[in-house]
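Please read all numbers here as calculations on a predicted model, not as lab measurements.
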Amino acid sequence: MPKTDKDHEALRHSLAHIMATAIKHLWPEAKFGVGPVIEDGFYYDIDLGKTTLSEDDLPKIEAKMAEVIKQDQQFERSEMLIDEAIAWAKSENQPYKLELLNDLKRQGTTLAREIDATDLGVAASAQSKVDKVSFYKNGDFTDLCRGPHLKSTKEAGAFKLTKVSGAYWRGNEKNPQMQRVYGVAFPTSEELEEYLKNFAEAKERDHRKLGQELDLFVFSDLVGAGLPLYTPRGTVLIDALKQALKDIGDKYDMLPVSIPHLGKLELYKISGHAEKFEDELFKVKSHYNQEFVLKPVNCPHHIQIYASQARSYRDLPLRYVEQTMQYRDEKPGQIGGLQRTRGFTVDDGHTFCRVDQIKEEAATIVNMIKEFYEQLGLWGDHWVSLSVRDKSDFSKYIGNESDWDKAEKMLAEVSDEHQLKAKRMEGEAALYGPKLDFMFKDALGRETQLATIQLDFAMPERFGISYVNSEGSNETPVIIHRAILGSFERFIMLIIEHFGGRFPLWLAPEQLRLISLNQEPEVLKTVSDMAKMAKGQSIRVAIDDTNESVGKKIRKAELLKVPYSIVVGDQEIKEGKVKPRARSDLSGTVSESLGFEDFLKELKKTL
RNA sequence: GCCGACAUAGCUCAGUUGGUAGAGCAACGCUUUCGUAAAGCGUGGGUCAGCGGUUCGAAUCCGCUUGUCGGCUCCA
């Protein structure tokens, strides 16, 4: 039975201490921050003053750790009164531990919710007032810690230090940056090997690698970082997804709209984006003394369409949708592959409705999202975040608090009624309202948000839009911002990695490849006629009639992960039958020998 | 933006302590006319990311810029 991360906690946390012990021996001036257990391993934050670590230092640390492990040091628990602990941190010259202890004394265990409780030497469930903290000692290294730990360093199992990076003290970019050393750890070397093997395989699925190998998208230094260029093959993916979204949108009575890619700065001043996201706006100067902004969002434009007419309560809900590119000047360090780009295509929708329609509208969107992801076999690979406001600081948001209360409550109800098992995330809301975010993981385990449903009581008010209710007086509608696949970039990243480039037939950039056996005129003509027939059936077909061996041409098709290929030679011409070669993962494959027209018919059936 | 690493042919990568650049694949040409994952021979291709500096001499050392990668922070 596979062990859970919980079972590995003592092992991994002990290794964090062993690593700290090793680092303390190598760099005696080291000041320690926190060193918690994470998925598959652990890390420790360290301040080495002027010394900077690089990956080249990892083997040295690993060797020292091996020494510590060999010494069979016992992990011994002890307790101190909080004031004794503060004195200890001072005498040991550990300013970060001192800060934690002082905060612990002042705030009690509320701090344990901010910082991994293991590193505080108290149980998270402890009384709010903390008077005692626990320590663990191995060899000559003592650390504030809740535990539990292994008995001895000898039980440390198999580990590997994987990376080193900068990390802000207590996760705040205004604080000094420490150095974080990451490791992975498992009870046995077999499990570690297995993990490393899986990691290497995941790297093979990385969308950046496959994007190049399968010729789907490129970047250009001249165009700029974070601005993806889709090749003809990649554009097939975009178009196929757009069509799928259009189909599902039609089914649920969405109304397509279309807007230009910029708007006056004034528009974003009213929406609140100009102030809140000033650094991320691309500004465009007009010759005529006006300043424009490349749209970072679409809602203000869509709101203007709503505002163009007097609306009645009978008109609602109005569900505007659009697939369009938007632009954000992301910080250089955040840009990477298709995960975060500076121009990205969203499937953006804004539903204008009455308060009494919110639940039904949100529920409809949940159904669309579910249907879309189920179709691709991705439903279930996700978790849902009920992103609510940070109660301690309302100045980060627009609108009024009683509307926020209402909105948060309704989203929670929708989540419950649809069994989304949403996790409540404090402080994760958008500036105008709470949201339900659907989170997925990329091949390397990094999380990314795709689908989203966001309630907004604030923006309608800022723009002063209204509808006439049944009593003839004006009321302010609610906006539900929604995306099904989020951004096409992220979504394409996800499906490339999910399918490892072996797209289902309906998404495959090239569905069928016809390979000529040789260069005989009759063979070439047959291949070309067959391609015409396939095109007539709307099959994405390509011809390989190059002067290469059949083996090589098959290999080329396989490397491009083309679902079906057919070799055409004298035999096929004589018999009037083809033997399709199907990509190995395809289910319901067509592979027996049959007439080409029949093959096309069968192919259409599996689409 | 911050910490760290990196940038050599279209792609993947060699290139010793500083002495004017190589391979495989791809491309192109010729030969071959082939039966389901690489036929043979040949040819072309590089301002060593860009700019500046040190040096008799820089792919190699230093600085800046651009870009990429691993994290941190942020993400309407």
Side-chain angles (χ1 to χ4, degrees), chain A residues 43 45 48 52-57 162-182 203 206 208-209 212-213 215 218-226 268 271-277 279-281 295-300 326 328-337 339-340 344 346 348 387 396-398 428-433 435 437 444 446 448-449 452 454 456 458-459 481 483 487 490 513 515-520 523 546-560 565-572 579-582 584:
Chain A
Y43 69 77
D45 284 348
L48 291 178
T52 54
L53 294 176
S54 78
E55 316 240 314
D56 301 337
D57 294 311
T162 49
K163 53 199 171 196
V164 50
S165 79
Y168 298 106
W169 167 237
R170 297 176 81 165
N172 186 332
E173 68 180 320
K174 291 189 182 83
N175 286 342
Q177 206 160 22
M178 307 182 74
Q179 302 192 62
R180 180 171 293 178
V181 183
Y182 287 90
K203 269 192 157 160
D206 189 313
R208 291 166 295 195
K209 185 170 155 61
Q212 185 187 67
E213 287 174 4
D215 186 25
V218 294
F219 289 92
S220 152
D221 286 5
L222 275 176
V223 173
Y268 298 100
S271 72
H273 293 100
E275 191 197 352
K276 183 95 183 172
F277 299 103
D279 295 343
E280 281 87 44
L281 294 182
K295 64 182 165 80
V297 289
N298 304 299
C299 25
Q326 56 191 40
R328 296 176 188 178
D329 196 5
E330 300 286 356
K331 296 176 186 171
Q334 337 264 47
I335 293 169
Q339 145 67 28
R340 186 88 72 94
F344 57 102
V346 288
D348 205 1
S387 305
K396 289 193 262 189
Y397 308 103
I398 56 182
E428 294 290 315
L431 97 133
Y432 45 68
K435 38 182 197 159
D437 287 328
L444 298 173
R446 294 177 291 204
T448 196
Q449 177 217 305
T452 184
Q454 313 181 351
D456 181 359
M459 226 179 289
H481 306 248
S487 89
R490 280 186 187 175
R513 177 165 288 208
I515 294 171
S516 72
L517 179 70
N518 54 36
Q519 314 289 111
E520 296 299 336
V523 170
T546 53
N547 184 11
E548 295 288 351
S549 65
V550 174
K552 182 134 171 193
K553 288 195 265 193
I554 290 289
R555 180 181 149 80
K556 257 166 122 177
E558 288 283 346
L559 289 175
L560 279 171
S565 42
I566 293 177
V567 175
V568 181
D570 312 332
Q571 206 178 303
E572 283 72 20
K579 280 198 292 284
R581 179 189 169 98
S584 59

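B:rA14 sits 7 Å from B:rA23 when the C1' atoms are compared, rounded to a whole Å. Nucleotides B:rG46 and B:rC11 have their C1' atoms positioned 14 Å apart, rounded to a whole Å. Of the P atoms belonging to B:rC64 and B:rC72, the separation is 26 Å, rounded to the nearest Å. Comparing the P positions of B:rU17 and B:rG10 gives an interatomic distance of 28 Å, to the nearest angstrom. On the C1' atoms, B:rC62 is 34 Å away from B:rG24, given to the nearest whole Å. B:rG44 sits 7 Å from B:rC28 when the C1' atoms are compared, rounded to a whole Å. Comparing B:rG15 with B:rU8, their C1' atoms are spaced 9 Å from each other, to the whole Å. Taking the P atoms as reference points, B:rA27 lies 32 Å from B:rG67, given to the whole Å.
Without hydrogens or angle criteria, A:R180 side chain to A:S165 main chain gives no donor-acceptor distance under 3.5 Å. Not a single donor-acceptor pair under 3.5 Å links the side chain of A:Q334 to the backbone N or O of A:R340. A:R581 places no side-chain N or O within 3.5 Å of a backbone atom of A:I566 that could act as its donor or acceptor partner. In this structure, the side chain of A:S487 engages the main chain of A:R490 through a donor-acceptor pair within 3.5 Å.
Contacts of A:D437 classified as side-chain hydrogen bond (donor to acceptor under 3.5 Å, both in side chains), with partners at least two apart in sequence or in another chain: A:S387, A:K435, A:T452.
A:K553 and A:S516 form a side-chain donor-acceptor contact under 3.5 Å, judged by distance and modelled atom types alone.
Proximity note for A:T52 (side chain, C-beta onward) versus B:rG4, B:rA76, B:rC34: the nearest is B:rG4. Distances from the side chain of A:E558 to the nucleotides B:rC75, B:rA37, B:rG70 place B:rA37 closest. You'll find that the side chain of A:I554 is closest to B:rA37, out of B:rC74, B:rC72, B:rA37. Of the listed nucleotides (B:rA76, B:rC74, B:rG67), B:rG67 has the atom at the smallest distance from the side chain of A:A225. For A:R446, the listed nucleotide lying nearest its side chain is B:rG70; candidates were B:rG70, B:rA76, B:rC72. Checking B:rG35, B:rC74, B:rA26 against every side-chain atom of A:K552, the shortest atom distance belongs to B:rA26. Here the side chain of A:E548 is nearest to one of B:rA76, B:rA39, B:rU36, namely B:rA39. Here B:rC72 is the nucleotide among B:rC72, B:rU33, B:rG35 with the atom lying nearest to any side-chain atom of A:Y168. Of the candidates B:rA37, B:rU36, B:rG71, B:rG71 carries the atom nearest the A:Q177 side chain, counting heavy atoms from C-beta on. The side chain of A:R581 lies closest to B:rU36, out of B:rA27, B:rC75, B:rU36.
Residue A:N518 contributes atom CG, which lies 14 Å from atom P of B:rU36 at whole-angstrom precision. Atom CG of A:N547 is separated from atom P of B:rC41 by 16 Å (rounded to the nearest Å).
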Run the numbers on A:V218 and A:Q212 for side chain to side chain contact (heavy atoms under 4.5 Å, CB included), then give the verdict.
CA-CA 7 Å; A:V218 294; A:Q212 185 187 67; over 6 Å; no
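At a cut-off of 3.5 angstrom, the base of B:rC75 holds no donor-acceptor pair with the side chain of A:Q334. Taking only distance into account, the side chain of A:D570 never meets the base of B:rU33 through a donor-acceptor pair shorter than 3.5 Å. Applying the 3.5 Å distance criterion, the base of B:rC74 shares no donor-acceptor pair with the side chain of A:R328. Under 3.5 Å, the side chain of A:E173 and the base of B:rC2 form no donor-acceptor pair of N or O atoms. In the interface, the side chain of A:R208 is not paired with the base of B:rC69 through any donor and acceptor atom under 3.5 Å apart.
Residue-environment remark: CD (A:E275) stays at or below the threshold of 12 foreign heavy atoms within 6.0 Å. Atom NZ of A:K396 sits in a crowded spot, with more than 12 heavy atoms from other residues, nucleotides or ligands closer than 6.0 Å.
A:E330 comes within contact range of no nucleotide atom at all, as no heavy-atom separation falls under 4.0 Å. Counting non-hydrogen atoms under 4.0 angstrom, A:K435 reaches the backbone sugars and phosphates but no base.
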Under a cut-off of 3.5 Å for both distances of each Watson-Crick or G-U pair, what dot-bracket string does RNA chain B give, using [ ] for crossing pairs and | for inter-strand pairs?
(((((((..((((.....[..)))).(((((.......))))).....(((((..]....))))))))))))....
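Residue A:F277 and nucleotide B:rA76 are classified as a stacked aromatic pair, their ring centres being separated by less than 5.5 Å at an interplanar angle below 30°.
Toward the 5' end of RNA chain B, the nearer of the two residues A:Q449 and A:E520, judged by each one's closest nucleotide, is A:E520.
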